[in-house]
Structure formats: C-alpha cells, structure tokens
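To start, the structure under review is shown below, and the notes come after it.
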2 protein chains.
Amino acid sequence: MRTSYHDIKAIVLTRIRENIWPPGANLPGEIELAKEFGCARATVNRAMRELVDEGILERKRKAGTKVKSYPTRRALFSIPIIREEITNTGAKYRYVLIERKIMPAPGWLRARLEVKKDQPILHLQCMHYAGPNPYQLEDRWINLAAVPNAADNDFEDMGPNEWLVREVPFTEGELVFSATNASNEVANFLNTSDGTAVFTVERTTWLDKISVTYARLYFARDHKMLTRL
Amino acid sequence: MRTSYHDIKAIVLTRIRENIWPPGANLPGEIELAKEFGCARATVNRAMRELVDEGILERKRKAGTKVKSYPTRRALFSIPIIREEITNTGAKYRYVLIERKIMPAPGWLRARLEVKKDQPILHLQCMHYAGPNPYQLEDRWINLAAVPNAADNDFEDMGPNEWLVREVPFTEGELVFSATNASNEVANFLNTSDGTAVFTVERTTWLDKISVTYARLYFARDHKMLTRL
DNA sequence: TAGTGGTCTAGACCACCCC
DNA sequence: GGGTGGTCTAGACCACTAA
C-alpha cells in the first residue's frame, strides 16, 4: 500500500513530537516531501492542509510551511438540538411554552439586533425538561421582520430553537458563554435557589446582515458542557 | 474562470437555503454534479467534503450525499495562551505564583488522572491579571510521572499553562465548561464576593493514554467566552 | 521575480455498504 | 453485485508574497 495522507499526517506529528521539527521550524517544501514519501504532491498537500486546519502548522506561499510556535488548539462544539441532547442521555424530553407575546423590541434588544424602533418582535419563554428535572430555560426573541411566518406558529408543541433550525437558515452566528447568578425568576424555573451559579449561553444569528434571533439560555444548576480536543 | 470548489460550496448552500434541496434530500452523485458544473469530480469532492466538515451534509458510500435534517452547527474555539489573550485586549499581563507544592495525588485527582497512590503530583496555584484586575485563578495539577522535568521548574516567571503548551505535547484533551459559585477563597483571589457566579473551565490532557495535567480555571466575574459560527 | 503553496484535471483503483 | 464516495496520481497553471 502507498503512503496515504493519513500516514503523512501521522509522520509529521511524530516528527514534531520528537523535536525533529521543533516549534517554529520550517518544513521542506511539498515537492521534496512528496519525493521522500514516494507519493504525489497532491497527497502531501492534503495532509498539510488538514494539519493547518487542526492548528498544528502554518503555511504561507513563498515562505513555506512551519510548525506553529504555540500550537493553537481548537475545540469543536457541536450545537445540538436540545431535544436530541436530552433524548441521547436516555431521559424523556418535555417542552413547555411559558409565554408568547408580540411586542416592540426593548431598547437593549434593538441595539443588539439592530432593528428599528417599534419593529415587532416575537418574545418567547420556554422550559425544557429532562425527565422530571428542569434542564434549560429559554428566553427567545425573534425578529419578525426577518422571519414573518414565525408569527403564525403558536410554539405550543415545538420549541423555537428546533423550529428555527429547521425553517430558517442563517449565514452568521455568535455564541457567548458565561456564568450568571440566578435571579429569583430564573431560580424558580430551574428549581434551585436565588443566586445559584447558572451556566448561560447567548446566541444571536443573522441572515445576510439581517438579525434573525437572539436567545438567552439558562441551564440547570451544575450543568457542564463538555468537549474533546 | 472555471468553477472552483468555493463556487460549488456557495451554490450548494444556496440551493439548500432556497429549499431546492431541503433537509433530508439526496443530492446527485459527484459525477453528475461534476458534469453540471463543468469541472472535475475531484473538485466536487473537495467541496462536498468541506460541507460535511462544516456539518451541512452527510455522505455514505453507496447511499450518496444528503442534506442533514438537522444541520449540526459547530462552533470552533481556539484555546489561546492566556498571556496573548490578555495582551491582545491591550491590557498589561501580570502573572503571580501563589503556591507550588509536590504532593501525593488526592483521591479525587487519582481517579480523574488514573494515577496510582502516592504518585507525586506538582500542584500549582497562580493568578493571571489583566492590568490591575484579576483575570483568572489557575489551579493546576501536573502528573510528574508523565512530565518529570516540570519538577525542575519553579514557575515563578512563567505560567504552567504556557510552559506546558511549549514543552509537553499531548494527544488528547478534554474541556469542561461550567458555572460555579465562588468559594470564599476563590472570591478573594478574584476580588469579588462569596457566591458570585464564576465561569469555570476544567482541562485535562493525555499523552498516549498517560494523563499529563488537570487544571481548573476560574475566571473573573462577568467573564464571557465568545465564538462565532 | 522566483519560489512556494493553492487549485484543477482526467483518469484510475479501491472500499464500503445498500439493495 | 454494483453504485457511491474515498483516495491517489502526474501533470499543469495560477496567485501570492518574501527576498
């Protein structure tokens, strides 16, 4: 069997680990490596490109390829549908709509979504349960100018998250993770006490520069978000 | 100019967005698409592979390519060196070692790192400041069986994070994000009050199945971690 | 301006896996 | 069994950019 791009990646990683190519070092060019490994340049190229994707190498035309001095490790999160996230743990998923109201955007939201005054916004509050336990409180705002048909949905049976993912594409998104002390209201919904540290995610999405939705997600006490490198 | 794999990706995304290929739909085979776009199959292949990487499509041999029913969006975090993270904001970075001690691993850590009883562990506590403000409290445990030369370093001038990234490669890593209520000690270091919700990251890394280090990072009040999709 | 990576091609063989 | 994607090749031209 010939040298595959997998093999090449492994070899390169080994050489880096063994300090044959220490951080900052320049690697030979693709043609030379192809000769060494006895394969086509395209094969070397693919291996190298993937190592760049993985944050191990840096490449610049003319300058060549070098080992990153501080390998930028990157963590990959998949953003799951909450129903699947819960169902996958074996628990039963339950969704409850708490409130649904069409209203003009409050000031802080106007700023965030860049919508004009009096522009109608659909505001939803919902709870997601895993079995008997509260899992997440969702506070969602949908820009009806961007998604007019959201107004036709009563969201009694399906969470807005799920509906949006299926119905409304987006071109850009932002995620912000933080920790907040639960307000009295949040604590009640999440079945915990005032001031409990709550893992919080804010999510905003845009479709071609037009803001689609902003959501604040409060997770139950002791929620952990896990990822592998 | 010929159709590039960038163009193909854009076209496919557009067709998905316009519901020409709705979620779950099967796409034509690579050969057919290559014919349609007037390019080589390899070009189509690359476009499709990248769309799989981005969580838009699913492919299976023989079955073909289809649009994911629930496109799994993925967020990419780069894990920066804390010094660079702070310096990049324009603030001055300051590092202080609080404690350094070699000790046997406590029980909870033995379980986590899978190390034997009485195996020596280097325990470090340090603070990272952004200008005058506390930025992060680092509680770090280094497995000296995996990294013996860590014992030679006094870590007075350089944080263990930075040292490890430069000196010790790893093959696997785990990140856990959560929110915790600050203990009295943590609150004091972070210049806040008891019980404040603190964004917390736990990080564990392994080198070829051998655990290297475990760290618990407590960020200052109101810290936000941001990422784009 | 010359060297390096970036991309494309036309063809080939193979591995997997649904039917 | 046969169709689909996975991968590789040998060669080509191009784009960027460091020297």
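Here is how names work: the chains are called A, B, and so on, in the same order as the sequence lines, proteins then strands, and each is numbered from 1. Everything numeric in this text was worked out from a predicted model, so none of it was measured.
- Residues from residues 54-67 of chain B with heavy atoms under 4.0 angstrom of DNA chain C, sorted by number: B:K60, B:R61, B:K62.
- Rounded to an integer number of Å, the gap from CE of B:M48 to P of D:dT7 is 15 Å.
- Residue pairs meeting the salt bridge (charged side-chain N to carboxylate O under 4.0 Å, His left out) criterion with at least one partner in residues 201-219 of chain B, sequence neighbours excluded, are A:R17-B:D208, A:K224-B:E202.
- The ring-ring contact (aromatic ring centres under 6.0 Å, His included) search around B:Y93 returns B:H128, not counting sequence neighbours.
- Under the side chain to side chain donor-acceptor pair (under 3.5 Å) criterion, the residue pairs touching residues 50-61 of chain A are A:K9-A:E50, A:K9-A:E54, A:E30-A:R59, A:R46-A:E50, A:R59-A:T65, with sequence neighbours excluded.
- Remark: B:Y5 engages no residue in a ring-ring contact (aromatic ring centres under 6.0 Å, His included) (not counting sequence neighbours).
- Partners of B:W163 under the ring-ring contact (aromatic ring centres under 6.0 Å, His included) rule, at least two apart in sequence or in another chain, are B:F155.
- Among residues two or more places apart in sequence or in another chain, the ring-ring contact (aromatic ring centres under 6.0 Å, His included) test is passed with B:F170 by none.
- Annotation: proximity of residues 25-34 of chain B to DNA chain D (heavy atom, distance under 4.0 Å) is found for B:G29, B:E30, numbered in ascending order.
- Counting non-hydrogen atoms under 4.0 angstrom, B:R41 reaches a base of the nucleic acid.
- Between B:Y214 and B:W206, the ring centre distance reaches or exceeds 6.0 Å.
- Contact between the side-chain N/O atoms of B:T43 and the OP1/OP2 oxygens of C:dT7 is not found at any separation under 4.0 Å.
- With rounding to whole Å, B:Y5 atom OH is found 16 Å from C:dT9 atom C1'.
- A salt bridge is defined here as a Lys NZ or Arg NE, NH1 or NH2 lying under 4.0 Å from an Asp or Glu carboxylate O, and A:R15 with A:E36 meets this definition.
- Note on the helix from C:dT1-D:dA18 to C:dC18-D:dG1: angle between the axes of the first and last five pairs equals 20°, rounded to 10 degrees.
- Proximity note for B:R46 (side chain, C-beta onward) versus C:dT7, C:dC8, D:dT7: the nearest is C:dT7.
- Take A:A130 and apply the side-chain contact (heavy atoms from CB on, under 4.5 Å) test, not counting sequence neighbours, and it matches A:I86, A:A91, A:Y135.
- Checked against side-chain hydrogen bond (donor to acceptor under 3.5 Å, both in side chains), A:E84 has no partners two or more places apart in sequence or in another chain.
- For residues 143-152 of chain A, there are no salt bridge (charged side-chain N to carboxylate O under 4.0 Å, His left out) pairs, not counting sequence neighbours.
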